There are 2 protein chains.
Amino acid sequence: MGDVARLAGVSPTTVSFVLNDVAGSGIPENTRRRVRASARELRYRPNATARLLRTDRSHTIGFVTDEIASTPFAGDVIKGAQEAAWEAGKLLTIVNTGDNQGIEESAVGMMLERRVEGIIHAAMYHRAVEPPADSREVPAVLLNCYAEDGSWPSVVPDEVAGGRTATEALLSRGHERVGFINLRPGLPAAAGRLQGYKRALEARGLPFDDSLVWNGEGTAKSGYRLAAELMRAQDPPTAIFCGNDQTAMGVYEALKERGLRIPEDVAVVGFDNQELIAVQLRPALSTVALPHHEMGRWAVEYLIDRAAHGETAPRRHTIACPYVGRESV
Amino acid sequence: MGDVARLAGVSPTTVSFVLNDVAGSGIPENTRRRVRASARELRYRPNATARLLRTDRSHTIGFVTDEIASTPFAGDVIKGAQEAAWEAGKLLTIVNTGDNQGIEESAVGMMLERRVEGIIHAAMYHRAVEPPADSREVPAVLLNCYAEDGSWPSVVPDEVAGGRTATEALLSRGHERVGFINLRPGLPAAAGRLQGYKRALEARGLPFDDSLVWNGEGTAKSGYRLAAELMRAQDPPTAIFCGNDQTAMGVYEALKERGLRIPEDVAVVGFDNQELIAVQLRPALSTVALPHHEMGRWAVEYLIDRAAHGETAPRRHTIACPYVGRESV
DNA sequence: ACCCCTTACTAAAACCTCTTACTAAAACCT
DNA sequence: AGGTTTTAGTAAGAGGTTTTAGTAAGGGGT
């Protein structure tokens, strides 16, 4: 900066004022032009580090995730977060912990040393977690996960509403016996979606028949097996709600083997909106999307807002899972 | 740091020496313990910013990508890069540009202001790019893309070898007529794989028959259409090499509709190893994996190495695409 | 014509936190 | 006493921001 000041024939103060557009510094347009020209000529680039040291604003947000690659979701979350950060003039620093607590703790440590303005702890599937206590030193938020004791703010998908949406997509087409191949029991996603399924039935005055509900493993294989199971019954469903799109992929196989047409004979709806699968399947799969992008966005917006306005009570924010209608319903 | 020094009854110098384990500073174990205890008591966390200002080592690498979410690959690349960075004690700062040049330039600017030690420019599909000139201010490398004029170091998949590997997987099973549903012509991936396909044939003394080679669009739909086309011929192939796994998904459909078994009647091999598809397909798809993880890793290792040992001639490094055998061959 | 006070600019200096020469004091030998 | 080691402290930056202080020009009053 000194060089620029010298070249422009002013003091570093003036350079700082001009380059940062400080209000009320009353520097005449003339001088401003000279300073800016000098900066350009010297290809001057301010040193964000030095600025941070003085201002204590790193304009950086830490993003700690358990698994970045195992699902395509991770990309959506990061993209949403990154977009929101960019819009606010922030940068995102990312660490993938591989679900290793030691790495997670040192990652948080490194981020705090760099004075990040907030930390996001993201999980790649919806579950309970316990982030390092150190993260409380700055605004922090859990993404696609939550603390059992509610002591951390978090943002998660509205699984209940999602399950209800999926089921209603089928009910509204006149189906009254809807099979449900859920995920492994115990997962928040499985519990929530089942509840949503029940509520949808209830709202239409339809009975809940637990012979229509199975827990699979979220794979095409188990979808194939359980669809076969469902269709073997004497009063088989006319529609199947699958706990995820991979399951639906297996269900398609099973139905096709039986010569059943989708959606004419059996309608199918998936969950997750894994485009790679849902779009490519024939017929294209109607499904419910997880709001990964929105959660990423919400998390950084929350952090920025909280950094600006201080502490608020931790809360669990849920985001709706929109229905994506294609050809299978 | 001053607080710690005061509490331990020493000077800031001593604290710095102890906390950084400076060699040859000759501080007795006694004092060291006292300093460390004070630091712990005050929950002292060094300010990485101040250190950086003095040492000029940010221990941060910038990662600029055109699209983070549109393919599951992005996650692998980032994961590989992040792992390598972590092992070297570096952090990764990521920006998604949405292929917008303006954003890319300001992203580079922001990173340079933060004094990153290197910049990676990643593309989500293999292609030629032209990164902002400013990136040359620090070590920089292109990932899954390259500069037309070769003026930037880069790391890309070895498409030729990959195409050859895929073809040979089929030839080695005795197939002599291998159909090839390639990607859109013009893509480096399509050109390279076609070359590899030809070389594999050549190596076995088999003729190249261009009626066996079609360009699709990399979708299940076009795979379906072109497989039908291929099988309609009077001398249809006994094996099909697909430019990607989505194409293979459509090929499966077409073959199954004709009552052809995989791999008994027609063997199929894909490309990309999109696990979501390849593993879930029945039979599971044999395919060739793109080395995303390795490219990510290579890129940061190259950067760190170059930062340490100075400029070297830009080179294009290729990484092999390993064959992933499953059930379709 | 002189003085004083604004206003409009610009500069000096303190500060942010840590690293690292360089220096100094103490302790330990001959 | 004089010279080495050990051990520890001082102070100068690193590159900005921001507070405080100043100078010069212009304007009004007498």
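The structure displayed is predicted, hence computed values, not measured ones. Just so we're on the same page: letters track the sequence lines, and every chain starts at 1.
Between I119(A) and F63(A), every side-chain heavy-atom pair lies at or beyond the 4.5 Å cut-off.
Going from atom CG of D21(A) over to atom P of dT17(D) covers 12 Å, rounded to whole Å. Straight-line distance from the CG atom of N30(A) to the C1' atom of dA25(D): 16 Å, rounded to whole Å. Summarising the geometry, the separation between CG on L112(B) and P on dG16(D) is reported as 14 Å, rounded to the nearest angstrom. Spacing between atom CE of M1(B) and atom C1' of dT10(D) amounts to 13 Å, rounded to whole angstrom units. Atom P of nucleotide dT20(C) and atom CG of L19(B) are separated by 14 Å, given to the nearest angstrom.
Sorted by residue number, the members of residues 45-62 of chain A with any non-hydrogen atom under 4.0 Å from DNA chain C read L53(A), R54(A).
Proximity of a side-chain donor or acceptor of R115(A) to a complementary backbone N or O of L112(A) within less than 3.5 Å is detected. D305(B) places no side-chain N or O within 3.5 Å of a backbone atom of E301(B) that could act as its donor or acceptor partner. Between the side chain of T97(A) and the main chain of T65(A), a donor-acceptor pair closer than 3.5 Å is present.
Within the structure, the side-chain hydrogen bond (donor to acceptor under 3.5 Å, both in side chains) test picks out the following pairs touching residues 104-113 of chain A (sequence neighbours left out): E104(A)-H121(A). Screening residues 145-158 of chain B for salt bridge (charged side-chain N to carboxylate O under 4.0 Å, His left out), with sequence neighbours left out, gives no hits.
For DNA chain C, if you chain together Watson-Crick or G-U pairs that step i with j, i+1 with j-1 and so on, the runs of at least three with distances under 3.5 Å are C:1-30 with D:1-30.
For R54(A), the side chain to side chain contact (heavy atoms under 4.5 Å, CB included) criterion is met by no residue, not counting sequence neighbours.
Below 30°, between 30° and 60°, or above 60°: for Y146(A) and H126(A) the angle between ring planes is above 60°, a perpendicular geometry.
Geometrically, R127(B) engages Y125(B) in a cation-pi contact defined by less than 6.0 Å to the ring centre and at most 45° from the axis.
For Y44(B) and dC18(C), the shortest distance from a side-chain N or O to OP1 or OP2 is below 4.0 Å.
Taking a cutoff of 4.0 Å between a charged side-chain nitrogen and a carboxylate oxygen, K79(A) and D76(A) do not qualify as a salt bridge.
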Inset, instruction - Test T49(B) against T49(A) for side chain to side chain donor-acceptor pair (under 3.5 Å), laying out the working first. - result: CA-CA 6 Å; T49(B) 309; T49(A) 308; over 6 Å; no
Legend entry - Under 4.0 Å protein heavy-atom contact, by nucleotide of nucleotides 6-12 of chain C - B base, S sugar-phosphate only: ---SBBB
